[in-house]
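Worksheet: one structure, shown below.
Every chain is numbered from 1, with letters handed out A, B, ... down the list of sequences. These values consider heavy atoms only, across backbone and side chains, with no hydrogens, waters or symmetry-generated copies.
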Protein chains: 2
Amino acid sequence: MRSCATAGVVALHRTLRKALRSFSAPSSCAFLGPNLPDVWVPREHTSPHTLFPESLQWANGYSAVILEGKPIAKQMKVQVADEIRKMKSVIGKFPRLAVVLVGDRRDSHTFIHIKLKACGQVGIETVVSQLPEKCDESELLDVVSGLNEDPDVHGIVVQLPLPQHLDEEKIINVVSPEKDVDGFHPLNMGSLAIRGRKPFSVPCAPKGCIELLLRHGVEIKGKRAVIIGRSKIAGLPTSLLLQRHHATVSMLHAYTKNPEEITSEADIVVADVGIPNIVRGNWLKKGAVVIDMGTNQVKDPSGHGFCVSGDVCFEEAVKVASAITPVPGGIGPVTISMLLSNTLDSAKRAFGMIETDVEFSVLGLYSYSKCTP
Amino acid sequence: MRSCATAGVVALHRTLRKALRSFSAPSSCAFLGPNLPDVWVPREHTSPHTLFPESLQWANGYSAVILEGKPIAKQMKVQVADEIRKMKSVIGKFPRLAVVLVGDRRDSHTFIHIKLKACGQVGIETVVSQLPEKCDESELLDVVSGLNEDPDVHGIVVQLPLPQHLDEEKIINVVSPEKDVDGFHPLNMGSLAIRGRKPFSVPCAPKGCIELLLRHGVEIKGKRAVIIGRSKIAGLPTSLLLQRHHATVSMLHAYTKNPEEITSEADIVVADVGIPNIVRGNWLKKGAVVIDMGTNQVKDPSGHGFCVSGDVCFEEAVKVASAITPVPGGIGPVTISMLLSNTLDSAKRAFGMIETDVEFSVLGLYSYSKCTP
């Protein structure tokens, strides 16, 4: 049960909010989509699909507009850095992100390096907890519980994948939903699935996907969206977000019998398969907007080392689509900026700068303890 | 944090489980679908759709098989009643369901009457908490919190809709996810959305929909399913369940531009709109399996009083579909049986008859208290 002492904290937060209202822009929820009522109207005829904004109609001849992620990521970083600067000057506090790494996977080290660097650029402090490849589950759970209890930590990222012997689901369950800046906790995923609800955090890549579409003026409401692949990191939450924006969403996966056929009906195509170039140009409807969430390591054509390739055959798709994200340089950079934004929002909640009266029953649920059978 | 005292309880539960294993069938999770890996194979050609079982091919001439819910509901009740009898005889305990009703809506009274009657038939004890139409939110939250804390209550149903002045979302958040036999808590919805996870409870109507399909031998994996309507009670969780069964799911709603066209591609059609007969025969592909979740009150053709009508124009659909649920008598009765089964499972968890080591972090989350600002 919540202790009465929190009443005092709440009062303090109110005072802070007043002081901070002068500069702190309310955390935007545009990415969650407009909460429209489902009013069905009788349809005598099928309404035609409207076109995408002219700006997206093969602006450069017969080639698609390239939805570059870097400029958007840069803008977002500037905004986040600006807010953190003001936060420091007014209340002398700043966001802190904790990253938990188990083992020595090279790719995990690379991803963490990128995250830490981005945090440094905007003024988010970071702490890294590194555990050995062969650590016990209990050691990892102790680390996560410690970070949950640390009031100076506002965001927690457990770098995935974890070694085989560790139960990923169990670890994610124990991350405090309020500090779950990856948005993978089932409480956050459920709040994303249920229209009208507001998760503490939304997974970064899907949030980046919506940000890219919105910033490029792509109309989502009423459009047919096809998500190819259903990972909990990208495909699933992206489908839930697009539904909140009132797209008509179809989820394709490895057991879909005719992915090309269904994809060819889509106005918006999101690829999250993990197979280089699986989505070919002939899968796409002319004028479709294509978001490539794939980041596949492939041998460099030069024969030296590796390079990153998407799930979409760019050379073919660029001739059919009206807009497409490049890989690398598309969703990737925006995803990192979303992690910064989620961490900032999480800190704002902790500092009482974002109104939140969300309360959940916890009876029968408990955080990890050594008494666990 | 979980107290060490629970260790003793856990030990007791282990002993109980041993004693009970003799009769207690493990709670089936077939409705959650097989947890298959997404292995993408190169596709040179589009694979053809396989047909539904012959038993569903217009068995009676040119009319669809009628997917009657009553016999299945009856079978399920017999199974639940049998388990409860054995439970009583072995440990002298039985499931108890608490129903919370606010106000005097006639339809709510009817629904609750049906639920209480069904509970009585199988040996589930019931308690009803009735609050006046104009009750404060705090009164309702106190009642729910009390039921959360009552170890003799295993399932809680807050009858919806609530009066306008009450925040439905806030009330549902406070129901303990372990006692949330309606499956509406975001933690349960999130665990349903994320493949491989197991919610404490799954919403009853969607669970009933899958039960109907499975018991009639309808193949779901690889089939195209269209859900028309996206309520959190039916459409949304049904889409999540069908995805877990590896159907290719498309969610249609009021902003879908061409619902007829998309529906006509579906092998399985689920209607959850709330508009009588909106789904016409010409929306359907020949041989489709149609699940009608609509329960709309319409004027009786005789002109006397009202009767219940589905969202699907039955007379037209029955000539095109290979199988269809009637309204009433289709999903309705199975839904009630699912509430009984969810309540039994919830009691089994409380009695330690179902293994569950699910743990969630609760830091920063708290159940309702009067200190709430």
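- Looking at A:Lys170 and A:Glu137, a side-chain N of the basic residue comes within less than 4.0 Å of a carboxylate O on the acidic one, giving a salt bridge.
- In this model, a donor atom of one side chain and an acceptor atom of the other lie less than 3.5 Å apart for A:Asn296 and A:Asp311.
- Contacts between B:Lys221 and chain A at a heavy-atom distance below 4.5 Å involve backbone atoms as well as side-chain atoms.
- In this structure, the side chain of A:Thr256 does not engage the main chain of A:Asn258 through any donor-acceptor pair within 3.5 Å.
- Residues B:Phe351 and B:His154 bring their aromatic ring centres within 6.0 Å.
- Each of A:Lys232, A:Arg195, A:Met189 has some count of heavy-atom pairs under 4.5 Å with chain B, and the biggest count is that of A:Arg195.
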Quiz item: Passes side-chain contact (heavy atoms from CB on, under 4.5 Å), B:Ile171 versus B:Leu162? Steps please.
Solution: CA-CA 10 Å; B:Ile171 309 300; B:Leu162 293 169; 3.8 Å; yes
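- Judged by distance alone, the side chains of A:Ser231 and A:Asp272 do bring a donor and an acceptor atom under 3.5 Å apart.
- Annotation: residues 236-247 of chain B contacts chain A through B:Leu236, B:Gln243, B:His246, B:Ala247 [non-hydrogen atoms, separation under 4.5 Å].
- For B:Arg230, the parts lying near chain A are the backbone and the side chain together; criterion is any non-hydrogen pair under 4.5 Å.
- B:Asn188 and B:Arg197 are not linked by any side-chain donor-acceptor pair at a separation below 3.5 angstrom, with hydrogens and angles left out of the test.
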